[in-house]
Amino acid sequence: NYCPYSYFDGRPVIFKQERLKKGQKTFIIYKFRTMQKDAEKYNIKWAQPNDPRITKIGRFLRKTGLDELPQLFNILKGDMSFVGPRPIRKDFAILLTQYCPDYPKRFLVKPGITGYAQLYAPYGSTIEEQLKKIPYDQKYLSGLSISEYFKILFKTVLFVIKGRKW
C-alpha cells in the first residue's frame, strides 16, 4: 500500500532509471531511492516541492544532495561528468523539444551531476521551470574554463552543506 509518510517504502535502495546522455544515447543512471517504489505506477511526472511520493529519508537525501552520490559510478563508467546539464528521461526530452526546438543541442556534451541550472534555475517541476533551465544548459556548449568548472563544483559543495531549497 502507498504510504506517503513511510521511511523506507521503496526497495531496492539504489534506484536505476534510463536517461539520455551525450548523443541522445540512453544509459542507466544510479541514485539512492527517494520516492515510494510505485511512485510512477500510472504515469510519469516531475517531482514537486513537498511531493507526497517522497519518503522521509528521501527528503533528507534530496535536501542534502546525497541522493546523487551513486552517480559517481556513472562518472567512472564515462556516461556522465561532474559538471554539465542534468541527464533527462527520453519522454521529458521529447516533450521539451516540442516547446524548444533547440533543446536537443544539450546532448552535444556529457550530462553532469551538477551545473549552472542546478545552482541558479528553478527546480524544474513544471514545463515552464524546465524551459528556464535551457539558457543555463546552453552555457556548456561553448565550453567551460577550468575556473568556471571548479567554481560550479565549489558552489555545489556549499549548496550541499547548507541544504537545498526543498
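Residues take their numbers from the sequence shown, with the count starting at 1. Not measured: the values here are computed from a predicted model.
A chain of hydrophobic side-chain contacts below 4.5 Å, direct or via other Ile, Leu, Val, Met, Phe, Trp or Tyr residues, connects Leu141 to Leu119. Residues Ile94 and Tyr103 do not share a hydrophobic cluster, defined by chaining ILVMFWY side chains whose heavy atoms lie under 4.5 Å apart. No path of Ile, Leu, Val, Met, Phe, Trp and Tyr side chains, each step under 4.5 Å between heavy atoms, connects Phe92 with Phe15, placing them in separate hydrophobic clusters. Following chains of ILVMFWY side-chain contacts shorter than 4.5 Å, one can reach Leu72 starting from Leu61, so the two form part of one hydrophobic cluster. Cluster membership check: Tyr140 shares its hydrophobic cluster with Ile146, using side-chain heavy-atom separations under 4.5 Å among Ile, Leu, Val, Met, Phe, Trp and Tyr.
Within a 6.0 Å sphere centred on NZ of Lys151, heavy atoms belonging to other residues, nucleotides or ligands number 12 at most.
In terms of modelled atom types and a separation under 3.5 Å, the side chain of Asn74 and the main chain of Tyr30 share a donor-acceptor contact. Side-chain N or O atoms of Lys110 include one that pairs as donor or acceptor with a backbone N or O of Gly78 at under 3.5 Å. Using modelled atom types, no side-chain atom of Arg106 and backbone atom of Gln138 make a donor-acceptor pair closer than 3.5 Å.
The CG atom of Leu20 lies 7.0 Å from the NZ atom of Lys90; values are rounded to the nearest 0.5 Å. Taking CG from Leu153 and CD1 from Ile113, the interatomic distance works out to 9.5 Å, rounded to the nearest 0.5 Å. Rounded to the nearest 0.5 angstrom, Thr34 OG1 and Lys63 NZ are separated by 15.0 Å. We find the CD1-CG distance between Ile29 and Asp79 to be 9.0 Å, quoted to the nearest 0.5 Å. How far CE of Met80 is from CZ of Arg19: 8.5 Å, rounded to the nearest 0.5 Å. Distance check, rounded to the nearest 0.5 Å: CG of Asp67 to NZ of Lys31 gives 4.5 Å.
Proximity of Lys155 to Thr114: side-chain heavy atoms (C-beta onward) are nowhere separated by under 4.5 Å. Side-chain contact check for Tyr149 versus Ser81: some heavy-atom pair is nearer than 4.5 Å. Under the 4.5 Å side-chain criterion, counting only non-hydrogen atoms from C-beta, Gln118 is in contact with Arg86. For the pair Lys133/Glu129, no side-chain contact is recorded, criterion being any heavy-atom separation below 4.5 Å from C-beta on. A 4.5 Å side-chain heavy-atom check between Pro111 and Lys21 finds at least one atom pair inside the cut-off. Counting only heavy atoms from C-beta outward, the side chains of Phe107 and Ile88 approach each other to under 4.5 Å.
Closest approach of Gln130 and Gly124 over heavy atoms only: NE2-O, 2.6 Å. Of all heavy-atom pairs between Arg89 and Glu18, the closest is CG-O, 3.7 Å. The shortest non-hydrogen separation linking Lys16 to Ile28 is CB-CG2, 3.6 Å. Heavy atoms only, all atoms of each residue included: Asp137 and Ala117 are closest at OD1-CB, 3.9 Å. Counting all heavy atoms, side chain and backbone alike, Gly115 lies closest to Ile152 at CA-CG2, 3.8 Å. Nearest heavy-atom pair across Pro104 and Pro101 is CD-O, 3.2 Å.
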Practice item. Please lay out, stage by stage, how Leu66 and Phe60 fare under the test side chain to side chain contact (heavy atoms under 4.5 Å, CB included). Key: CA-CA 8 Å; Leu66 294 174; Phe60 170 77; 4.0 Å; yes
Exercise for review: Take Glu148 and Tyr116 through the test side-chain hydrogen bond (donor to acceptor under 3.5 Å, both in side chains) and record every step on the way to the result.
Suggested key: CA-CA 10 Å; Glu148 285 177 292; Tyr116 288 118; 2.9 Å; yes
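Under the salt bridge (charged side-chain N to carboxylate O under 4.0 Å, His left out) criterion, Lys105 pairs with Asp102, not counting sequence neighbours. Partners of Tyr99 by ring pair (Phe, Tyr, Trp, His ring centres under 6.0 Å), not counting sequence neighbours: none found.
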